[in-house]
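For reference, the structure I am asking about is given below.
Remember, it's a predicted structure, so these values are computed and weren't measured experimentally.
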Amino acid sequence: MLQKLGVFLVFSFLLIACSPKLDWRTIQSPQEGYSALFPGKSEKIERRLPYQNQEIPQTLEAVKIDDDIYSVSTIRLTKDQVTLVPKLLEQLQGNLLNRAKVSLESEVSVEAFYQTTNRQRISTKDYFLELQSTGAVEQSMRVRWITKITPDNGARIYQLSVLHTAPARVNAKQFFSEEAYSNFFDEFHPE
């Protein structure tokens with residue numbers, strides 16, 4: 001009996017030691033119009049954004065793994081609100097970049113592609129941000145914005161991002177090109 005218990009404990013310890021840090025899982029979000037590959041169990045937050053005397057629904061799906069936060073933000077606009085897309089996207093980008101004290105022109109960007117759920121390949125840009133330091137921690141981010149027209153002539157604005165926080169600065173482009181980060185961006189598929 002004691003020998004069986006010892007074997008069980010050794011086996012359990014080996015199983016725990018071999019378990020991956022990242023537990024990749026595909027999240028289907030029909031309401032938000034996408035499927036995404038997250039490195040763990042995500043949490044979802046819904047809120048309404050006040051914008052030009054209107055309430056615009058926003059959903060954030062995110063997971064924190066060690067020093068990284070993987071997130072997909074979705075803003076849904078009705079067909080009556082579609083004209084707001086350019087200014088709203090500009091404001092979203094501006095808010096993030098102003099907080100980071102950077103500009104799109106000064107940051108490293110690369111041409112990228114994403115696939116829709118029906119396998120259509122569309123070009124986009126990924127931005128690699130090295131955020132201003134607070135002294136104790138350094139933050140870097142990879143971010144992508146995608147705008148899609150919905151079947152009911154509304155629109156969705158997606159913001160995919162991974163925020164890395166650590167005591168030492170990293171080269172954002174090189175760091176976020178690793179497989180653990182590329183998988184997240186490559187496996188995001190809007191409708």
If every non-hydrogen atom of F184 is compared with every non-hydrogen atom of F38, which pair is closest and at what distance?
CE1-CE2, 3.8 Å
If only atom types and distance count, is the side chain of S42 paired as donor or acceptor with the main-chain N or O of V63 below 3.5 Å?
no
Consider only side-chain N and O atoms of D68 and H164, and report whether a donor and an acceptor are under 3.5 Å apart.
yes
Do the non-hydrogen side-chain atoms of T165 and I69 ever get within less than 4.5 Å of each other?
no
Exceeds 12 heavy-atom contacts within 6.0 angstrom, atom CD of E179:
no
Counting only N and O atoms by type, is there a donor-acceptor contact under 3.5 Å from the side chain of H189 to the main-chain atoms of Q115?
yes
Between E138 and A168, the two heavy atoms sitting closest are CG-C, 3.7 Å
Taking C-beta and beyond as the side chain, do L88 and L49 meet within less than 4.5 Å on heavy atoms?
no
Might you confirm whether atom NZ of K44 has over 12 heavy atoms from other residues, nucleotides or ligands at distances under 6.0 Å?
yes
Looking only at non-hydrogen atoms, find the nearest pair between V82 and A155 and report the distance.
CG2-N, 4.0 Å
Donor-acceptor contact below 3.5 Å, side chain K64 vs main chain D66
yes
With a 4.5 Å cut-off on side-chain heavy-atom distances among I, L, V, M, F, W and Y, is there a chain of contacts connecting L160 to F113?
no
Ring center gap for F188 and Y114 short of 6.0 angstrom:
no
Angle class for the W145/Y127 ring planes (parallel below 30°, perpendicular above 60°, tilted otherwise)?
tilted
Consider only side-chain N and O atoms of T117 and E191, and report whether a donor and an acceptor are under 3.5 Å apart.
no
Approximate separation, where rounding is to 0.5 Å, of I122 CD1 and Q120 CD
4.0 Å
Answer yes or no: is there a side-chain heavy-atom contact under 4.5 Å between L92 and I75?
yes
Donor-acceptor check, side chain of R142 to backbone of D126, threshold 3.5 angstrom: yes or no?
no
Measure the CD-NZ distance between E90 and K87 for me, rounded to the nearest 0.5 Å.
4.5 Å
Less than 4.5 Å apart, any side-chain heavy atom of P57 and any of E46?
no
What do the steps show when you test T74 against T59 for side-chain hydrogen bond (donor to acceptor under 3.5 Å, both in side chains), and what is the final call?
CA-CA 5 Å; T74 308; T59 302; 5.9 Å; no
Do I45 and I27 land in one hydrophobic cluster if side-chain heavy atoms of ILVMFWY residues count as linked below 4.5 Å?
no
Work out which heavy atom in L60 is nearest to a heavy atom in S71; give both atom names and the distance.
CD1-CB, 3.8 Å
Look at the side chain of Q159 and the backbone N and O of V143, then say whether any donor-acceptor pair between them is shorter than 3.5 Å.
no
Considering residues, nucleotides and ligands other than K148, do more than 12 of their heavy atoms fall under 6.0 Å from its NZ?
yes
Give every residue pair that meets the side chain to side chain donor-acceptor pair (under 3.5 Å) criterion with at least one member in residues 48-57, sequence neighbours excluded.
Q54-Q81
From S161 OG over to Y70 OH, what is the distance, rounded to the nearest 0.5 angstrom?
11.5 Å
I want to check something: taking the side chain as every heavy atom from C-beta on, are K125 and E111 in contact at a cut-off of under 4.5 Å?
yes
For R156 and T150: C-alpha separation, side-chain torsions, deciding distance, then whether side-chain contact (heavy atoms from CB on, under 4.5 Å) applies.
CA-CA 7 Å; R156 290 190 182 104; T150 60; 3.6 Å; yes
With a 6.0 Å cut-off on ring centres, are F175 and Y181 close enough?
yes
Working for side-chain hydrogen bond (donor to acceptor under 3.5 Å, both in side chains), residues S140 and E130:
CA-CA 5 Å; S140 301; E130 293 182 7; 5.4 Å; no
Side chain of R144, backbone of F185: donor and acceptor closer than 3.5 Å?
yes
Contact summary for I65 and P39, nearest pair of heavy atoms:
CD1-O, 3.6 Å
If Ile, Leu, Val, Met, Phe, Trp and Tyr residues are connected whenever their side-chain heavy atoms lie under 4.5 Å apart, and connections chain through other members, are V110 and Y158 in the same group?
yes
Taking 4.0 angstrom as the limit, do R76 and E32 come out as a salt bridge?
yes
If we ignore angles and hydrogens, is there a donor and acceptor under 3.5 Å between the side chains of T78 and D80?
no
Do L77 and V85 have side-chain heavy atoms sitting under 4.5 Å apart?
yes
